[in-house]
Amino acid sequence: MALAGGIGGARFLRGLRAAAPEAEITVIGNTGDDITLFGLRVCPDLDTVMYTLGGGINEEQGWGRTGESFTVKEELLAYGVGPSWFGLGDRDFATHIVRTQMLAAGYPLSAVTEALCDRWQPGVRLIPMTDDQVETHVVIDDSEQGGQGRRAIHFQEWWVRLRASVPAESIALVGAEDAKPAPGVLEAVEAADVVLFPPSNPVVSIGTILSVPGVRAAVTAKTVVGVSPIIGGAPVRGMADACLTAIGVETSAQAVAELYGPELVNGWLVAEADSGVRVEGMRVRSRPLLMSDPEATAALARAALDLAGELA
């Protein structure tokens, strides 16, 4: 099984499915990025996994639907309805409408996700980390940029609108401490032969999933292999460095390994440029980490499984 955030996690999972076509793969998805926009509940990470594995993703940008149009967005802007910085496409709107209707009818997010996946057939079992509402918020101070000063904003506003250009003073997982794992999460971890951490954001993707009470303890009891999201001191993609800086962690494969710690992660895959990484109690292997094409991605997933086999 795997814990997964957005683009990097989804692409790794596609490689994992190719590397182990006979395996039953369960994915615990991050919901800390979820946000309500235009009256609709949007679950970016769950949808990115679902679309990527179901063949509907916009491959160029890594999120959203392929063949997308934006008529509804343009009409909303014509009415002066925002936010303008979060672009939902017409095809994507349908997913959020169905989700919001089902949630309003009383279905939990886990049941809604299962129903949405019935259409997309991602080839994995996708479970949200919790059915409870957990949102990642970021404390910023943009007074020097002519903004509103020190305040907390939703992670999506910091990530998408501001592009993390305003340093985060802290990151808070609102609702996490009172959340419960979604049905099937702990059972899936217990039944897993190995737990994989794809090269997802260690702070606001993997870290958020682990913040749900009971999940970290369950994962710690398993063989865990992680893939570094950092190559040569820089994120493979995205702005994970801004998140690491917010919690006082250096942007390096070594520092992320130490952030997880050997009590949680048993094996760690790093890029060949980071072959000098050493963490006591953690087995480190260097491999090509760039998921440049399906073959390279499958090879990376296979390397993670091979390392898990060594540890087992």
Side-chain angles (χ1 to χ4, degrees), residues 1-35 37 40-70 72 86-103 107-129 131 182-185 188 192 196-201 205-206 209 227 237-238 291-298 300-302 304:
M1 72 163 297
L3 277 55
I7 300 171
R11 289 179 173 172
F12 177 85
L13 290 168
R14 190 160 55 185
L16 179 61
R17 198 178 56 181
E22 304 302 319
E24 294 182 5
I25 303 170
T26 298
V27 179
I28 309 303
N30 169 46
T31 62
D33 292 6
D34 294 6
I35 188 171
L37 297 167
L40 303 176
R41 194 62 179 166
V42 180
C43 301
D45 282 3
L46 293 178
D47 290 345
T48 295
V49 170
M50 183 175 72
Y51 292 155
T52 299
L53 298 184
I57 199 74
N58 182 320
E59 292 287 352
E60 184 176 338
Q61 62 190 20
W63 52 269
R65 291 286 306 280
T66 186
E68 192 57 282
S69 57
F70 293 90
V72 174
F86 202 98
L88 295 178
D90 300 328
R91 294 173 183 268
D92 206 17
F93 261 110
T95 297
H96 309 315
I97 290 170
V98 172
R99 177 186 292 116
T100 304
Q101 288 180 333
M102 291 188 69
L103 290 172
Y107 291 95
L109 181 60
S110 52
V112 175
T113 303
E114 184 177 0
L116 293 172
C117 285
D118 280 344
R119 172 191 173 184
W120 289 99
Q121 295 295 309
V124 302
R125 183 187 181 199
L126 178 60
I127 312 175
M129 66 188 197
D131 283 334
V185 167
L196 300 179
F197 290 1
S200 297
N201 192 305
S205 292
I206 304 296
I209 299 170
V227 180
R237 65 172 297 135
M291 296 184 287
S292 52
D293 54 49
E295 292 74 23
T297 308
L300 175 59
R302 199 170 297 111

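Bear in mind that the values here come from a model prediction, so they are computed numbers and not experimental data. Excluded from the calculations below are hydrogen atoms, water molecules and symmetry mates; all remaining heavy atoms, backbone and side chain alike, are included.
- Put simply, the side chain of Q121 never gets that close to the backbone of G54: no donor and acceptor are under 3.5 Å apart.
- Residues E114 and L126 form no side-chain contact, since every pair of their non-hydrogen atoms from C-beta on lies 4.5 Å or further apart.
- Atom CG of L88 sits about 4.5 Å away from atom CZ of F93, to the nearest 0.5 Å.
- At a threshold of 4.5 Å between non-hydrogen side-chain atoms, the residues V227 and P198 do not count as touching.
- Rounding to the nearest 0.5 Å places CG of L13 at 9.0 Å from OG1 of T52.
- With hydrogens and angles ignored, the 3.5 Å screen pairs a side-chain donor or acceptor of D90 with a backbone N or O of V72.
- When side chains are defined from C-beta on, D34 does not count as touching V42, because their heavy atoms never get closer than 4.5 Å.
- Around CD of E60, the count of heavy atoms belonging to other residues, nucleotides or ligands within 6.0 Å does not exceed 12.
- R41 contributes no side-chain N or O that, together with a main-chain N or O of R99, makes up a donor-acceptor pair within less than 3.5 Å.
- Shown here for P128 and V185, the closest heavy-atom pair between the two residues is O-CG2, 3.6 Å.
- In summary, the side chains of N58 and Y51 do not present any donor paired with an acceptor at a separation below 3.5 Å, with no hydrogens or angles considered.
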Counting only pairs under 3.5 Å, give me each side-chain donor-acceptor contact of residues 16-25, with atom names and distances, residues two or more places apart or in other chains.
unit_1: R17; atom_1: NH1; unit_2: L53; atom_2: O; d: 2.9
unit_1: R17; atom_1: NH1; unit_2: P122; atom_2: O; d: 2.5

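- Only one option out of T31, L109, V112 pairs with C43 in a side chain to side chain contact (heavy atoms under 4.5 Å, CB included); it is L109.
- Of all non-hydrogen atoms in D131 and P183, the two that sit nearest each other are OD2-CD, 3.2 Å.
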For residues 4-12, run the donor-acceptor check on the side chains, cut-off 3.5 Å, and write out each pair with its distance to 0.1 Å, sequence neighbours left out.
unit_1: R11; atom_1: NH2; unit_2: E59; atom_2: O; d: 2.9

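- Here OG1 of T100 is found 10.0 Å from CG of L37. Values are rounded to the nearest 0.5 Å.
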